[in-house]
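Read the numbers this way: they start at 1 and go in the same order the structure lists the ligands and their atoms.
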Amino acid sequence: MERRQLLKSSLALLGTTTLISFVYPASKFLIPPKSNAKDAQVTLDKDQIPPGTAKEVIYNEIPLVIINRRGSGFIALSRVCTHLGCLVGYDSFNRKLVCPCHAGEFDLEGKVLTGPATKSLHRYPLKISSKQITIG
Ligand code: FES
């Protein structure tokens with residue numbers, strides 16, 4: 001092999017590896033890996049949520065709040081506000097969900113009480129056994 005040919009081959013190899021070192025991380029950034037969390041179940045012990053309290057969980061990458069309503073039992077609602085997508089929080093003292101962004105308020109069924117939101121919070125079905133609560 002001539003020197004010139006060897007130099008060309010070396011430069012081609014160097015160029016290819018340099019290109020791959022930029023393209024591979026960029027493709028990993030642009031195409032996120034599939035999440036294993038899809039279709040998973042979230043199971044909690046009922047004891048973790050005494051009456052009048054709530055617990056925040058993530059289900060299929062969606063933030064939810066499970067509320068143990070006094071006299072009405074458990075309910076799972078999306079925490080994503082239907083106005084512009086801020087995360088609502090549970091106000092145990094006033095028994096409602098409050099959005100910090102524009103002061104929207106929802107009752108414990110997820111229905112709009114006040115504020116700019118016009119749609120109810122999305123409700124997720126729960127499976128309730130003697131000791132556990134399961135979403136999914
Ligand atoms: S985002 Fe919740 S009230 Fe605007």
Distance, nearest 0.5 Å, that separates NZ of Lys8 from CZ of Arg3: 15.5 Å
Test: Cys101-Cys81 SG spacing under 2.5 Å: no
Atom 2 (Fe) of ligand 1: protein N, O or S atoms that are less than 2.8 Å away, sorted by chain: Cys81 SG, Cys99 SG
Expected output: side-chain Lys111 to main-chain Lys119 donor-acceptor under 3.5 Å: no
Short side-chain to backbone donor-acceptor contact, Arg79 and Leu64, under 3.5 Å: no
Side-chain (Asn94) to main-chain (Lys96) donor-acceptor, under 3.5 angstrom: no
Listed partners of Thr53 passing side-chain contact (heavy atoms from CB on, under 4.5 Å), at least two apart: Ile49, Pro50
